[in-house]
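Letters A, B, ... mirror the listed sequences (proteins, then strands); counts begin at 1.
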Amino acid sequence: MNPTTPQYGDLALFGHDPLWLVILKALVLFIGLVLLTLFTTWFERRVVARMQQRVGPNRAGPFGLLVPLADGIKLALKEGITPANADKVVYLLAPMIAAAAAMLVFAVIPLGPVVSIFGVSTPLQLTDFSVSTLYILAIASIGIYGIVLAGWSSGSTYSLLGGLRSSAQMVSYEIAMGLSFVAVFLYAGSMSTSQIVAGQTDWWYAVLLLPSFVIYLISMVGETNRAPFDLPEAEGELVAGFHTEYSGLRWAMFFLAEYVNMINVSAVAITLFLGGWRAPAPISTVWSGANDGWWPILWFLGKILVMLFVFVWLRGTLPRLRYDQFMRFGWKVLIPISIVWILLVSAWRGIRNEYGTDLRTTLIWLGVILFAIAAIAFLLDLRRAPEDEVVEPTYDPYAGGYPVPPLPGQEFTYTRRAPQTVPATVVETSALESTGQELEGDRNE
Amino acid sequence: MADVTYEEAYGDVLGDDAAADDMYAGAYDTTEGRVYTVTGADWDSVLAPPEGEKERVVVNMGPQHPSTHGVLRLILELEGETVTEARCGIGYLHTGIEKNLEYRTWTQAVAYVTRMDYLAPIANEAGYVYAVEKLLGIVDDVPERAQLVRIITLELNRIQSHLVCLATGGFEMGALTAMTNGFRDRELVLDLLEMITGLRMNHAFIRPGGVAQDIPEGGVAKIREVMRKLPNQLDGVPQLLVDNGIWKDRTSGVGYLDLAGCMALGITGPVLRAAGLPYDVRKAQPYFGYEKFDFDVPTADSCDVYGRFLVRLEEMNQSIRIVEQACDMLEPGPVMVADKKIAWPAQLSIGGDGMGNSLEHIRHIMGESMEALIHHFKIVTEGFHVPAGQVYSAIEAPRGELGVHIVSDGGTRPYRVHFRDPSFNNLQATAAMCEGGQVADVIGAVASIDPVMGGVDR
């Protein structure tokens with residue numbers, strides 16, 4: 001490579017593309033995402049069907065690959081119903097916000113190194129800048145507006161509850177997600193996606209920063225409203241959640257947004273933790289040319305497929321969490337662990353910068369031990385059952401307010417409120433008469 | 001004719017012209033007695049908050065909702081995610097079966113009652129037939145083999161019903177694979193029921209005096225084979241859920257109803273047994289010879305959805321035990337009572353065009369014996385007489401105690417048949433289980449009651 005051209009990982013690479021190339025890249029990204037969404041729906045249905053000993057879609061095209069296309073055409077031709085109670089403008093705007101925001105994230109995802117397109121040398125990435133990871137978080141936040149507004153504007157209780165849930169859920173899981181990025185920033189020394197990928201030449205951050213990676217994996221499922229965190233569209237409870245009232249192409253846009261978001265968070269996970277477009281270890285060690293030219297797109301797509309499989313796997317395995325349990329998990333587990341972990345990482349980085357590598361081994365172990373203690377303490381606190389003093393159950397048929405038969409091992413005994421024999425008493429007639437007179441007196445008045 | 005017309009009694013509400021110009025009878029022109037007009041309040045006024053209260057959110061969950069088990073309507077009053085008031089709306093699947101029975105012979109009724117609780121058709125038939133046999137006084141005359149075949153089908157029915165409950169319950173809480181596993185296993189049991197009765201549901205198999213037909217050749221071996229396979233298969237649901245942390249969190253302590261609550265509301269079945277009381281009609285008042293079988297009544301003491309889930313799982317294993325024992329006890333013999341005045345004249349058989357009356361029998365009545373033809377005609381069209389009186393009998397259906405109250409006036413048709421369907425009684429617990437919980441808990445609680453609306457509304 002010419003020594004005057006900047007190396008990969010230098011932001012000077014970006015921003016010099018001619019206009020036609022920018023448009024071309026954007027167009028390819030857009031079409032690629034839509035096609036990948038079609039593929040993802042097919043992939044999900046086929047994989048989950050296999051997990052459940054079913055066949056899945058297999059009619060249109062080879063292996064049913066064209067079924068999503070047929071679905072899309074069907075949705076496009078269906079009537080888009082607008083409920084009478086809906087706030088029309090917002091109702092129409094919401095799916096567009098959701099879909100548009102979903103499409104924007106891929107602008108900063110690095111798909112490969114510098115290649116030559118029609119004689120122009122350019123990295124396989126639409127653009128990059130020094131805070132592109134923050135851009136991803138910002139766009140994800142805008143995507144939430146689509147869901148919240150859809151839930152609010154539909155004029156239906158199910159939609160409202162779905163929108164409410166999703167706003168709370170996505171906001172809290174965005175915090176955990178953002179915190180999991182911090183350790184990566186500390187390591188890479190940058191918030192630019194291409195520089196973060198360049199920083200993972202030797203080791204993936206998923207290995208170096210395993211806790212961050214795990215936290216990100218969990219929060220990315222929460223962020224995309226996928227099972228087991230699919231509370232906003234929990235079909236057992238809220239019919240379809242925020243998009244209950246949507247139909248036709250507007251519903252299809254939400255659908256598109258959800259699947260593109262799945263691809264987005266997978267791409268972010270790959271970029272930040274799984275080495276980006278770089279070939280995984282066995283391939284890159286055997287074949288030195290694996291990370292050159294157009295090959296990285298293949299590795300990138302392969303990694304995306306693995307991440308999508310994880311999504312499907314979760315959906316096929318786990319039941320849905322309840323809203324309060326889910327929020328508790330986010331705020332009381334993920335976020336505190338994130339904070340402690342960031343503290344440890346930054347302390348270690350600071351110490352290493354100050355004292356060099358001498359202290360390093362000791363401090364690694366210290367940090368590991370401290371983290372282990374903190375994690376165990378947290379888990380114990382979660383698992384600790386509320387301490388009730390054990391009351392020896394004695395049989396009292398009236399204890400619950402309604403008489404119950406004795407359970408096995410209990411003896412039937414008469415208790416205070418059991419019927420008692422009362423000796424018959426003679427009611428004096430004078431008493432009766434007096435009450436009768438009083439009653440008559442009342443009537444007369 | 002009425003003594004007083006509506007307008008005389010209440011004045012001209014509709015206006016002078018309304019009745020005069022209309023060629024059809026008006027809403028109030030009736031010829032029979034006093035008319036009561038029942039009108040509801042305006043919907044907005046029903047939903048409007050009481051004076052001095054803030055806005056309240058009322059959600060109609062159902063009758064068309066993915067997880068209300070058919071057409072149950074849950075009217076929930078919400079405060080955020082918390083349910084402050086829960087009420088059931090029923091009657092969307094009312095089919096008038098009980099009334100219809102009064103116009104059918106005692107035997108024909110079987111084909112109606114089987115359609116009540118459509119997940120436990122055999123139990124409905126058994127409950128009804130048991131009551132009829134009590135009235136006829138032939139409980140002890142029913143052949144041993146018929147009783148055992150009844151027990152086999154009853155227990156198979158229990159397994160398939162519990163599997164639907166577990167599968168749909170899991171599905172409603174997002175466990176998709178638990179659902180498909182449950183329905184996969186149910187197919188095995190339904191295949192057996194199809195082999196024995198000819199149908200997957202609505203069997204009309206248990207008839208007064210016995211059963212419609214014997215187990216086909218090789219059938220017992222097939223039942224044994226499936227019973228050997230089933231315990232492994234049935235693991236498909238529990239392996240995914242029993243030790244699953246999310247499932248436990250979703251079900252433990254949810255839909256709590258303790259023993260006192262169960263007794264006060266008349267709850268029976270797995271819900272009652274999950275509160276600790278081992279009440280099972282099969283043990284408490286054995287019928288069809290259940291006293292000869294060795295099985296346990298599983299209980300739980302957690303009084304919650306998780307406990308009911310475990311009770312149902314274990315009950316399926318106990319049912320497998322019972323079916324295996326019944327297969328061992330089976331001995332050749334008739335499957336219909338010997339009394340020709342009660343027994344259906346022909347057994348079914350498979351012909352070239354499928355199942356129907358046996359050709360041999362038809363040759364007999366059409367070609368050989370006029371008396372046989374008359375007898376066949378009489379008992380099929382008119383039916384048999386049942387002594388006047390009334391009887392209540394109970395059996396253990398998958399959802400609890402299924403009681404049947406029959407009144408006979410001595411004719412060939414019931415005077416009145418009433419079913420105490422366990423779904424109906426258990427559904428009363430909805431409010432007690434759901435109020436104060438979360439919206440998501442309502443789903444779990446209702447799923448654990450396992451109401452079947454066909455049985456509730458009848």
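Donor-acceptor pairing under 3.5 Å is recorded for the side chains of A/Y259 and A/E44.
Near-neighbour residues of residues 47-57 of chain A relative to chain B, defined by a heavy atom under 4.5 Å from a heavy atom of that chain, comprise A/M51, A/Q52, A/Q53, A/R54. Heavy-atom proximity under 4.5 angstrom to chain A picks out B/G276, B/L277, B/P278 from residues 270-279 of chain B. Proximity to chain A among residues 425-436 of chain B is not found for any residue, judged by heavy-atom separations below 4.5 angstrom.
Looking only at side-chain heavy atoms (C-beta outward), B/R73 and B/N60 come within less than 4.5 Å of each other. Within the 4.5 Å cutoff, no side-chain heavy atoms of A/S266 are placed close to those of A/L305. Contact annotation: the side chain of A/K332 never approaches that of A/F378 to less than 4.5 Å [non-hydrogen atoms, C-beta and beyond].
For B/D258, no part sits under 4.5 Å from any heavy atom of chain A, backbone or side chain. Contact annotation for A/P405: both backbone and side-chain heavy atoms come within less than 4.5 Å of a heavy atom of chain B. With a 4.5 angstrom heavy-atom cutoff, B/T177 touches chain A via backbone and side-chain atoms both. Looking at B/V254, the atoms closer than 4.5 Å to chain A (heavy atoms on both sides) all sit in the side chain, from C-beta outward.
Nearest heavy atom pair, residue A/M262 against residue A/T40, reads CE-CG2, 4.2 Å. A/V265 approaches A/Y216 most closely through the heavy-atom pair O-OH, 2.9 Å. Contact between B/G169 and B/A447 at its shortest, heavy atoms only, is CA-CB, 3.9 Å. Considering every non-hydrogen atom in both A/R320 and B/G174, the closest pair reads NH2-CA, 3.7 Å. Of all the heavy atoms in B/Q318 and B/P298, the pair that sits closest is CG-CD, 4.2 Å. What you find for A/T41 and A/F255 is that their closest heavy atoms are CG2-CE2, 3.4 Å.
Ion pairing between B/E396 and B/K283 fails under the 4.0 Å rule for side-chain N and carboxylate O.
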Stepwise ring pair (Phe, Tyr, Trp, His ring centres under 6.0 Å) test for B/Y306 and B/W247: CA-CA 8 Å; B/Y306 189 65; B/W247 180 257; 7.8 Å; no
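Ranked by heavy-atom pairs under 4.5 Å with chain B, the first of A/L164, A/D324, A/T317, A/L160 is A/D324.
Heavy-atom contacts from other residues, nucleotides or ligands closer than 6.0 Å to CG of B/D301 number 12 or fewer.
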Could you pull out all donor-acceptor pairs under 3.5 Å where a side-chain atom in residues 147-154 of chain A meets a protein atom, sequence neighbours excluded?
residue	atom	partner	partner atom	Å
A/S153	OG	A/L149	O	2.9
A/S154	OG	A/A150	O	2.8

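Across A/K78, A/H243, A/E245, a single residue satisfies side chain to side chain contact (heavy atoms under 4.5 Å, CB included) together with A/W251, and that is A/H243.
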